[in-house]
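Here the structure is laid out as structure tokens; the discussion comes afterwards.
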Amino acid sequence: MKTYEMLYVLDNAVSDEAKEAFVKKFEDIVTSANGKVVSTDKWGAKKLAYPINYKNEGYYVLMTFEAEGSVVKELDRVSGLSSEVLRVVTTAKN
């Protein structure tokens with residue numbers, strides 16, 4: 001298993017409960033595939049460098065996890081289906 005970091009930006013206009021639901025959803029995807037969530041850092045609302053979908057603020061979350069490569073593909077697929085997810089960047093740490 002490799003270690004990955006996934007930084008994603010949620011629409012800041014959604015409720016706090018919806019933001020927590022997205023965080024839990026992504027963590028559950030990792031754990032259901034026999035992966036391990038090392039940490040989840042909620043950076044909070046920050047101004048975007050440029051508008052995305054006419055939005056100027058986003059809610060940033062950094063999740064570090066250990067899993068197989070197929071989990072990364074599933075996370076990308078699920079995040080792409082959600083209009084509340086503005087951007088996602090996943091990188092391998094090692």
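In this structure, NZ on K42 lies 11.0 Å from CG on L10, to the nearest 0.5 angstrom. For the atom pair D76 CG and T90 OG1, the distance stands at 5.0 Å (nearest 0.5 Å). How far CD of E20 is from OG of S15: 10.0 Å, rounded to the nearest 0.5 Å. Distance check: L86 CG to S79 OG gives 11.0 Å after rounding to the nearest 0.5 Å.
Side-chain atoms of F26 and V88, non-hydrogen and from C-beta on, never get closer than 4.5 Å to each other. By the 4.5 Å heavy-atom criterion applied to side chains, N56 and L48 are not counted as neighbours. For the pair V23/T40, a side-chain contact is recorded, criterion being any heavy-atom separation below 4.5 Å from C-beta on. You'll find the side chain of V72 stays beyond 4.5 Å of the side chain of M6, heavy atoms only. Within the 4.5 Å cutoff, side-chain heavy atoms of M63 are placed close to those of V30.
Shortest non-hydrogen contact noted between K2 and A92 is NZ-CB, 4.1 Å. In plain terms, the two heavy atoms of A33 and V71 that are nearest each other are CB-CG2, 3.5 Å. Here the closest heavy-atom approach between residue E57 and residue A45 is recorded as OE1-CB, 4.4 Å. For the pair A67 and G35, the tightest heavy-atom approach, listed with the atom from each and the gap, is CB-CA, 4.3 Å.
The side chain to side chain contact (heavy atoms under 4.5 Å, CB included) check on K36 picks up E66, with sequence neighbours excluded. T91 meets the side chain to side chain contact (heavy atoms under 4.5 Å, CB included) test with E5, V89; sequence neighbours excluded. With sequence neighbours left out, S39 forms a side chain to side chain contact (heavy atoms under 4.5 Å, CB included) with D41, T64. Shown here are the ring pair (Phe, Tyr, Trp, His ring centres under 6.0 Å) partners of Y60, two or more places apart in sequence or in another chain: there are none. Contacts of D11 classified as side-chain hydrogen bond (donor to acceptor under 3.5 Å, both in side chains), with partners at least two apart in sequence or in another chain: none. Taking the side chain to side chain contact (heavy atoms under 4.5 Å, CB included) definition, one finds that E84 meets it with V14, F22, S82, sequence neighbours left out.
The cluster map of Ile, Leu, Val, Met, Phe, Trp and Tyr, joined by side-chain heavy atoms under 4.5 Å apart, puts V9 and L62 in the same cluster. Using a 4.5 Å cut-off between side-chain heavy atoms of Ile, Leu, Val, Met, Phe, Trp and Tyr, with links allowed through other members, V78 and Y4 fall into the same hydrophobic cluster. No single ILVMFWY cluster, assembled from side-chain heavy atoms under 4.5 Å apart, contains both W43 and V37.
Ion pairing of E27 with K24 is absent here, as no side-chain N (NZ or NE/NH1/NH2) approaches a carboxylate O to less than 4.0 Å.
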Set out, in order, the CA-CA distance, both residues' side-chain angles and the distance that settles side-chain hydrogen bond (donor to acceptor under 3.5 Å, both in side chains) for N12 and K46, then state yes or no.
CA-CA 9 Å; N12 198 37; K46 297 192 180 291; over 6 Å; no
